[in-house]
Amino acid sequence: MVEICTSEKPGQQTIQYYHDLDADGYDEEISHFVNKIDQCAIKIRDAEKTNMGQWNFNGILANQSRNLLFVDLDKDSIQDIFTIYQREDSVFLGGINPQIINGKIIEDLFLDKIKTVNNTTDFNSNLYSHDLNNDGTDELVIIIAAGYSEQPRRLYAYDFITKTLKKSAVFGFFPTNLLFTDLDADGDTEILSTNISYENIEKHLGIPYNDYERWFAIFDHNLEFEYEPVNMGYGYGRVTPFIFDTELMPKMLLSVVNNKSNLPYSFFTFDANSSEPTRLITEFENMKELSIFKFSELEKSLLAITNRETGELWLLNPEDDFNVYKNSKIHPNLNEPIILDIMGDKKTEYIFKSHKDNKDFLVIYTHDLSDYFEFIIPEKYKIINNITTRTTPNNNKYLILQLNDDIVQLNPSIDHLYLLKNISLYAIIFGVYSLFIWFIMHMQKKILHVNYQNKQTIAELKLKTIRNQLDPHFIFNAINAIAAAILKKDKETAYNYFSLFSKLLRSTMLYSDRMSRSLKDELDFTIQYLKIEKFRYRDKFEYSITVDENINVIQEVPGMIIQTFAETAITNGLMHRKTEGKLQIQIRKEKNELLATFKDNGVGIKTSEKLNKERAFKSLKIMDEFIDIFNNLNKTKITYEMVDLNENEEFPGTLVTVKIPYVKKYL
C-alpha cells in the first residue's frame, strides 16, 4: 500500500531538507530559503515541529545554489550545515552549528567574484566534504561554475582546522557531480567530476580547456591537475566518470556523450598508470538514447546501461573488463535515476523521472529492479524542487517530494493491519475455507522443507565446484610444466602459459559464487583450460571447438558444464594415448535447447574406469549432482548421454551428447 498525503507548504523560494542532525534516529526539518529582506536563511525545526532557530546570512540565495551540506566538522557529534550565498558580485560560504548559542561557525568566507554580463550574474554551486589532507577532518570542497557569466569555473577546498582556502586554476569546462577516490592507491585523494561542454567559452577568450570541446580531467588533493586534461572531442556534450572499487585499485569507466552526433555514446577505460583513456568498443555505441548509472547487486558494484527507447537493461561487471554480467528489462523512456534508501533497510531504491501521455510521473524501482511503483504527478505541479527521505519519531519512513511549494509524502510501507480491520467481514468465508487453508499450509511446509534441503545441496555443490576447479593435481602439474619451460629458458612460452594460467584462476574466483555464466564466458574458460592441458601433455592431443552462428553466446548456461565434459575427455580418455589424441567439441541449437557434443579417440568408458579407479569421472560426478538439483526444480531437463564409439578397438573413443535447455536463470 502507498500512502500519499500533502503536508504544510514550506513557503515560496524554499527548499526543504530532512536530516538527522543529532543522531537520535529521527530527522529534523531544515528549510533553506529567502527571508523577508531577501537574505539567505536556514531554519530548523525538530522532529516534533518545535522551532530550533533561524540563521540569516548577509547575501542573496541564488536559484542554482540551493543545496546544503551536512557534515560534523567540529567533532561535537552534531551535524553542521553549510550554504553558499552571494552579495553583489561576490560569493561567500556560511555555516552553522544548531547547538551553539550564536550558531554561526563560518560567515562571509569569501570564495570568488562572479563576472557580470548584462548587469546579471549566473552561476551554479555545489558543496561536498572529504578529508583531502588525511588529517582526520574533512575539508569543504566547493564547485562554482558560472554559466553565461563565463567565469569563474573552478574548485575550492576550505580547511576548517587551519582556516585556509585553496583554489584550483580556472578552466572552461563546466564541472558537476564530484567523485573522490584514490585511483593509484598511493594514499592521496584524486577528484573527478562530470564535465559538461555548453559551447559558451570560446578559445579566443584565453581561458584554458574551452567548453567547445569535451574534457576528461583529474584533480589531485591540492586541486591541481593530476594529468594534463584530455580532449575527448569537439562539440556540446559531457564526460562522466564511473568509479568502481576492486581488490587492487579502483577501476574507471568514462561515458562520453556528443549531443550533436547521430550515435552520441562512446566509452573509455582509464588506468591510473597511464595518462590517456583507452577506447572500449561496445554494442551500446550503436544506440541513440541511453541511461547510465551505477547499480548494486548484493556485494557487486555494477554499471547499468538502459536503452530508453526499449527499456532493455544491461549490467556490466567492472571485475570482468566491463563485459555484460546480466541483462533485464525496465520501463522505456526513463532518465538516469535518483538513488535513495527509501525504506531505511540499507537497500537503495531507484527513482526515475519520466513523461508519457502528456503526464509527468515517477517510477520507483526496488533495489533489485524486480518490482516498481508509479506515481503520477498531478497536473497542477510543474516543478520538482527536491526529492529526499524522512524518518519520523514513530519510525515511519517517507519519500518526500517538494512539488512547487507543496510537500508530498509517499509511504511505500504495507498496512499489516488491513486483514485485522476487515476480518469480521470475512469470518464466514474464513470458516468455510479453513480446512482448505490448513491443507495449503501443510503442503507449504513440505515444499519449504524440500527447498531448504535443495539450498543446502546447492551450497555444498558450490563448494565442491570450487574445489574441483582448483584441483591440486591440475595446479601442481600446470605450474611444473611452466617451471620446466623457464628452466629451458623458453621465456616466451613460459610467459604465455603463465598468463593463461592466471586468467584461468581469475575466472575461477570471479564466478566462484555463481552456478551459471554466459556461454561465451564458459567457452573462454574451457579454451584457457584446454590450452594449458595441451601444453602440459606436450601436445599429445589436438582439439577443436565449433559454435553455430545462430547461437546467442550471452545465453546463460550452468557453470563448468562445457569445461567438465572437456576435462573428462582428457583426464579419463586422451591422457592414456601417447600421440594423436583428438577432441572435437561442437555447440549447436536444436529447437529450444543447446546441443553440445564431445567426441574423443581415447580409451573409452570401461577401460578408463579400470585405469583411473577412484578418480575416474570425478568432476562428472559433481556435475551429475548439479543436474539432479536443476531437473528437480525445472520442467525442462538437462540430459546427457555418454557412449563408446568402437568397443572392440584399443582406443574406442567416446561420444558425449549434452542437451541444455534455454532458461533465463540457473541456480
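Just the heavy atoms: all of them, side chains too, but no hydrogens, waters or symmetry mates, feed the values below.
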- Cut-off 3.5 Å, side chains only: do Asp112 and Tyr156 have a donor facing an acceptor? yes

- Task: Of all the heavy-atom pairs spanning Leu109 and Ile106, show the shortest one and how long it is.
- Result: CB-CG2, 3.8 Å

- Task: Say whether Asp138 and His130, considering side chains only, have a donor N or O and an acceptor N or O under 3.5 Å apart.
- Result: no

- Query: Does Phe244 have Lys294 sitting over its ring (NZ/CZ under 6.0 Å from centre, angle to axis within 45°)?
  - Reply: yes

- Heavy-atom side-chain contact between Asn327 and Glu312 under 4.5 Å: no

- Query: Arg214 versus Val256: any side-chain heavy-atom pair under 4.5 Å?
  - Reply: yes

- Task: Begin with the C-alpha distance, continue with both residues' side-chain angles, and end with the deciding distance and a verdict on ring pair (Phe, Tyr, Trp, His ring centres under 6.0 Å) for Phe242 and Phe270.
- Result: CA-CA 10 Å; Phe242 295 91; Phe270 181 78; over 10 Å; no

- Item | Distance-minimising heavy-atom pair for Leu223 and Ser168 | O-CB, 3.3 Å

- Message: Between Phe295 and Tyr350, is the ring centroid distance below 6.0 Å?
- Response: yes

- Message: For a quick check under 3.5 Å, do Glu319 and Tyr325 share a side-chain donor-acceptor pair by atom type?
- Response: no

- Query: Taking all non-hydrogen atoms of both residues, which atom of Glu374 and which atom of Val363 are closest, and how far apart?
  - Reply: CG-CG2, 4.1 Å

- Query: Any chance the rings of Tyr128 and Phe82 have centres within less than 6.0 Å?
  - Reply: no

- Looking only at atom types and distance, does a side-chain atom of Asp220 sit under 3.5 Å from a main-chain N or O of Glu190, one as donor and one as acceptor? no

- Looking only at side chains, do His221 and Glu139 share a donor and an acceptor under 3.5 Å apart? no

- Query: Considering only heavy atoms from C-beta outward, does the side chain of Tyr212 approach that of Lys203 to under 4.5 Å?
  - Reply: no

- Ring-face cation of Lys531 near Tyr529 (centre distance under 6.0 Å, axis angle within 45°): no

- Message: Side chains of Tyr365 and His331 only: does a donor on one sit below 3.5 Å from an acceptor on the other?
- Response: yes

- Validation row, ring centre Phe284 to ring centre Phe322 under 6.0 Å: no

- Residues Ser193 and Asn195: side-chain donor-acceptor under 3.5 angstrom: yes

- Message: When you measure from the side chain of Thr366 to the backbone of Asp371, do you find a donor-acceptor pair of N or O atoms at a distance under 3.5 Å?
- Response: yes

- Task: Establish, for the pair Arg517 and Phe525, whether the NZ or CZ atom is under 6.0 angstrom from the six-membered ring centre and no further than 45 degrees off its axis.
- Result: yes

- Between Lys356 and Asn333, do the side chains contain an N or O donor and an N or O acceptor separated by less than 3.5 Å? no

- Item | side chain to side chain donor-acceptor pair (under 3.5 Å) involving Lys353 - partner list, sequence neighbours excluded | none

- Item | Donor + acceptor pair across side chains of Asn286, Glu283 (<3.5 Å) | no

- Query: Between the side chains of Thr391 and Lys397, is a donor N or O closer than 3.5 angstrom to an acceptor N or O?
  - Reply: yes

- Task: Taking the side chain as every heavy atom from C-beta outward, state whether Phe216 and Leu254 have any atom pair closer than 4.5 Å.
- Result: yes

- Before giving the answer on salt bridge (charged side-chain N to carboxylate O under 4.0 Å, His left out), spell out for Asp321 and Lys251 the whole-Å C-alpha distance, their side-chain angles and the decisive distance to 0.1 Å. CA-CA 9 Å; Asp321 299 324; Lys251 280 195 172 184; 3.7 Å; yes

- Residues, nucleotides or ligands: over 12 heavy atoms within 6.0 Å of Asp186 CG: yes

- Query: Do Asn386 and Thr388 have side-chain atoms, one donor and one acceptor, less than 3.5 Å apart?
  - Reply: no

- For Thr137 and Asp135, test the side chains for any donor-to-acceptor distance below 3.5 angstrom and give the result as yes or no. no

- Item | Flag side-chain contact, heavy atom, 4.5 Å: Leu178 against Leu192 | no

- Are side-chain N/O atoms of Asn231 and Glu213 paired as donor and acceptor at under 3.5 Å? yes

- Query: Do Asn273 and Asp184 have side-chain atoms, one donor and one acceptor, less than 3.5 Å apart?
  - Reply: no

- Take the angle between the ring planes of Phe160 and Tyr158 and call it parallel below 30°, perpendicular above 60°, tilted in between. perpendicular

- Message: Before you tell me yes or no, could you show the steps for Arg153 and Asp211 under side-chain contact (heavy atoms from CB on, under 4.5 Å), namely the whole-Å CA-CA distance, both residues' side-chain angles and the distance that decides it to 0.1 Å?
- Response: CA-CA 11 Å; Arg153 293 181 180 178; Asp211 75 344; 3.0 Å; yes

- Item | Sole candidate of Tyr209, Tyr227, Phe225 that passes ring pair (Phe, Tyr, Trp, His ring centres under 6.0 Å) when paired with Trp215 | Tyr209

- Task: Using only heavy-atom distances, determine whether the side chains of Tyr18 and Gln16 contain a donor-acceptor pair under 3.5 Å.
- Result: yes

- Of the non-hydrogen atoms in Ser149 and Thr120, which two are nearest, and what is the gap between them? OG-O, 4.0 Å

- Task: Quick one: closest heavy-atom pair of Ser291 and Arg308, and the distance?
- Result: OG-NE, 3.0 Å

- Before giving the answer on side chain to side chain donor-acceptor pair (under 3.5 Å), spell out for Gln86 and Thr121 the whole-Å C-alpha distance, their side-chain angles and the decisive distance to 0.1 Å. CA-CA 10 Å; Gln86 178 188 0; Thr121 59; 2.7 Å; yes

